[in-house]
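Values below: all heavy atoms of this structure, side chains included; hydrogens, waters and symmetry mates excluded. So that the names make sense, note that chain A is the first sequence line, chain B the second, and so on, each numbered from 1.
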There are 2 protein chains.
Amino acid sequence: MRAKIRHLDGFRWDGVPVLNYKEDGTHFKTISRQILFEGGPKLGSELRYFEIEPGGHSTLERHDHLHSVMIIRGSGHCLVGDEIHALAVNDLIYVPSMTWHQFRATGEEPLGFLCLVNRDRDRPERPDEKSAAELKALPQVGEFIRL
Amino acid sequence: MRAKIRHLDGFRWDGVPVLNYKEDGTHFKTISRQILFEGGPKLGSELRYFEIEPGGHSTLERHDHLHSVMIIRGSGHCLVGDEIHALAVNDLIYVPSMTWHQFRATGEEPLGFLCLVNRDRDRPERPDEKSAAELKALPQVGEFIRL
């Protein structure tokens, strides 16, 4: 890896590819992924930058591994467990193990955030019918989530 | 850990203490440390925020573990190996294993950066007399470093 990766306009980095959020699916909307620091033998974690366009959202999911998130662009909201949080630049979000979460760019600007994860991690799980029904039944949560 | 930690003015976070950079020493100057995400059984890494006041600098050191750095405030310069890099907001800096490095707030604004490291890591090493002499003998590096 080069010692310095220059930041370009518009939350892009010199030589860092802009990737699809996930390979396929209809459970997310207008979200991109850039891997800023890849894990390796001497770094057990990865730092990624995700950006959601206005109106878009990440997948509603949970997993055993943790998410440590820092907002670095725009604004929006997220669900963590059964709470919805307003998000502004430099806010920190901690998603515990096996906790339902979803990020949405709810305003007129994109929502961009760093997400720190272990390099070795389990695959996310989406809500089954029962969990989806339970989430939908929660007053604020039910209106917030996008499945 | 709380799900949301609110960002306050001036690169402070609600409930996150502002710590000394290191316990003691004269090999650094006007630099503070905040631990944004602490490692734990399910996260093998830590995310810290360091801020250097104008004219200040981090310790010139090297270690086996990697540093993955993202500038989020102000500007400055850093040494990585035998190269000096100008730093602007959102630039990424990668410090390989056993590579001399030092960050300096060379301008009239502070230099603030995120630094991602493994939770389990070796202690940094400072240059001995021989290494210091070798570094001082390098044209640009010799003028840049602060011992």
Can you confirm whether B:Lys29 is buried at NZ, in the sense that more than 12 heavy atoms of other residues, nucleotides or ligands lie under 6.0 Å from that atom? no
If you count heavy atoms of other groups shown closer than 6.0 angstrom to CZ of A:Arg6, is the number above 12? no
Group every Ile, Leu, Val, Met, Phe, Trp and Tyr by side-chain heavy-atom contacts under 4.5 Å, then state whether [X] and [Y] land in the same group.
{"X": "A:Tyr21", "Y": "A:Leu36", "value": "no"}
{"X": "A:Leu114", "Y": "A:Ile52", "value": "no"}
{"X": "A:Leu111", "Y": "A:Ile93", "value": "yes"}
{"X": "B:Phe103", "Y": "B:Ile31", "value": "yes"}
{"X": "A:Leu116", "Y": "B:Val16", "value": "yes"}

Chain B contacts, top residue of A:Val95, A:Asp64, A:Thr99, A:Leu87 (heavy-atom pairs, under 4.5 Å): A:Asp64
Partner chain A: residue of B:Asp120, B:Val69, B:Val80 with the largest heavy-atom pair count (under 4.5 Å): B:Val69
Highest number of heavy-atom pairs under 4.5 Å with chain A: which of B:Gly81, B:Ala86, B:Cys78? B:Ala86
For [X] against [Y], the heavy-atom pair lying closest together:
{"X": "B:Arg2", "Y": "A:Tyr94", "result": "O-CB, 3.4 Å"}
{"X": "A:Phe11", "Y": "B:Asn90", "result": "CE2-ND2, 3.6 Å"}
{"X": "A:Met70", "Y": "B:Ile72", "result": "CE-CD1, 3.8 Å"}

To the nearest 0.5 Å, how far apart are [atom1] in [X] and [atom2] in [Y]?
{"X": "A:Leu92", "Y": "B:Phe37", "atom1": "CG", "atom2": "CZ", "result": "4.5 Å"}
{"X": "A:Arg119", "Y": "B:Asn118", "atom1": "CZ", "atom2": "CG", "result": "10.5 Å"}
{"X": "B:Ser68", "Y": "A:Met1", "atom1": "OG", "atom2": "CE", "result": "6.5 Å"}
{"X": "A:Ile5", "Y": "B:His85", "atom1": "CD1", "atom2": "NE2", "result": "11.0 Å"}

Using a heavy-atom distance cut-off of less than 4.5 Å, which residues of residues 38-50 of chain A contact chain B? A:Lys42, A:Leu43, A:Gly44, A:Ser45, A:Leu47
Identify the residues of residues 121-147 of chain A whose heavy atoms come closer than 4.5 Å to a heavy atom of chain B, ordered by number, or report 'none'. none
Cut-off 4.5 Å, heavy atoms of chain A, and the answer for B:Leu8 is neither
Applying a strict 4.5 Å limit to non-hydrogen atoms, the region of B:Ala88 in contact with chain A is neither
Between A:Val89 and B:His7, is the side-chain contact (heavy atoms from CB on, under 4.5 Å) condition met? List the steps. CA-CA 8 Å; A:Val89 167; B:His7 176 245; 5.9 Å; no
